[in-house]
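Since the structure comes first, as structure tokens, the remarks are kept for the end.
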Amino acid sequence: MNYDDKLMESLVFDDRGLMPAIVVDEQGQVLMLAYVDREALDRMLHDGETWFYSRSRKEYWHKGATSGNTQEVVSIDVDCDADTLLLRVRQRGSGACHTGSYSCFTRGLAASELDK
């Protein structure tokens, strides 16, 4: 993948070296939220598929390596503060969520719950 070196240098990672990455499909449906560091981002740019850093396992993971539900990176956008990525992907397989759902965002919170 081609990328802008100047923009890459401007990225802002947190004190652990991580940055949130919002993953959406080609239609714009939100699939998941994960975290990347520079190494995961480099792997993503090199492979053209999503790579993340697991905060709990403290290791890199290639999305779909065990499930077969891979994500081909279509585009990567950076927010205005350069501290969050938006990954547009071509989702392959049954979905993005480890539960088997297409999206990790499948449960709605009732508006009445927000008023409390």
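Start at 1 with the first residue, then count along the sequence. Any value given below was found using the heavy atoms of this structure, including those in side chains, with hydrogens, waters and symmetry copies removed. Note that the coordinates shown come from a computational prediction; the quantities given were computed from them, not determined experimentally.
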On a heavy-atom basis, which atom in [X] and which in [Y] lie closest, and how many Å separate them?
| X | Y | value |
| --- | --- | --- |
| Ser103 | Thr106 | O-CG2, 3.1 Å |
| Asn69 | Gln91 | O-NE2, 3.6 Å |
| Ala82 | Ser10 | CB-O, 3.6 Å |

Tell me if a side-chain donor or acceptor on [X] pairs with a main-chain N or O of [Y] at a distance below 3.5 Å.
| X | Y | answer |
| --- | --- | --- |
| Asp79 | Asp83 | yes |
| Asp77 | Leu86 | no |
| Thr84 | Pro20 | no |
| Asp47 | Glu49 | no |

Sole candidate of Glu39, Gln71, Arg43 that passes side-chain contact (heavy atoms from CB on, under 4.5 Å) when paired with Trp51 | Arg43
Is there a continuous path of hydrophobic side-chain contacts, each under 4.5 Å between heavy atoms, that joins [X] to [Y]?
| X | Y | value |
| --- | --- | --- |
| Tyr35 | Ile22 | yes |
| Val74 | Val24 | no |
| Val30 | Val89 | no |

Could you check Leu85 against Val36 for side-chain contact (heavy atoms from CB on, under 4.5 Å), going step by step and ending with a plain yes or no?
-> CA-CA 9 Å; Leu85 299 179; Val36 299; 3.7 Å; yes
Parallel, tilted or perpendicular for Trp61 and Phe52, by the 30°/60° rule?
-> tilted
Report the distance from atom [atom1] of [X] to atom [atom2] of [Y], rounding to the nearest 0.5 Å.
| X | Y | atom1 | atom2 | result |
| --- | --- | --- | --- | --- |
| Lys63 | Met44 | NZ | CE | 12.5 Å |
| Arg38 | Met19 | CZ | CE | 7.5 Å |
| Asp25 | Leu31 | CG | CG | 5.0 Å |
| Asp37 | Asp14 | CG | CG | 10.0 Å |
| Met32 | Cys97 | CE | SG | 8.5 Å |
| Leu41 | Phe13 | CG | CZ | 6.0 Å |

Residue pair Thr50 / Leu87, side-chain heavy-atom distance below 4.5 Å = yes
Beyond-backbone contact of Leu11 with Val78, side-chain heavy atoms, under 4.5 angstrom = yes
Go through Tyr102 and Gln29 one step at a time and tell me if the side-chain contact (heavy atoms from CB on, under 4.5 Å) criterion holds.
-> CA-CA 10 Å; Tyr102 184 71; Gln29 181 175 351; 3.7 Å; yes
Determine, using ring centers only, whether Tyr53 and Tyr60 are less than 6.0 Å apart.
-> yes
side-chain contact (heavy atoms from CB on, under 4.5 Å) between Arg92 and Glu72, worked out | CA-CA 8 Å; Arg92 295 208 168 100; Glu72 178 187 346; 2.5 Å; yes
Residues Arg88, Glu26: salt bridge by 4.0 Å N-O rule = no
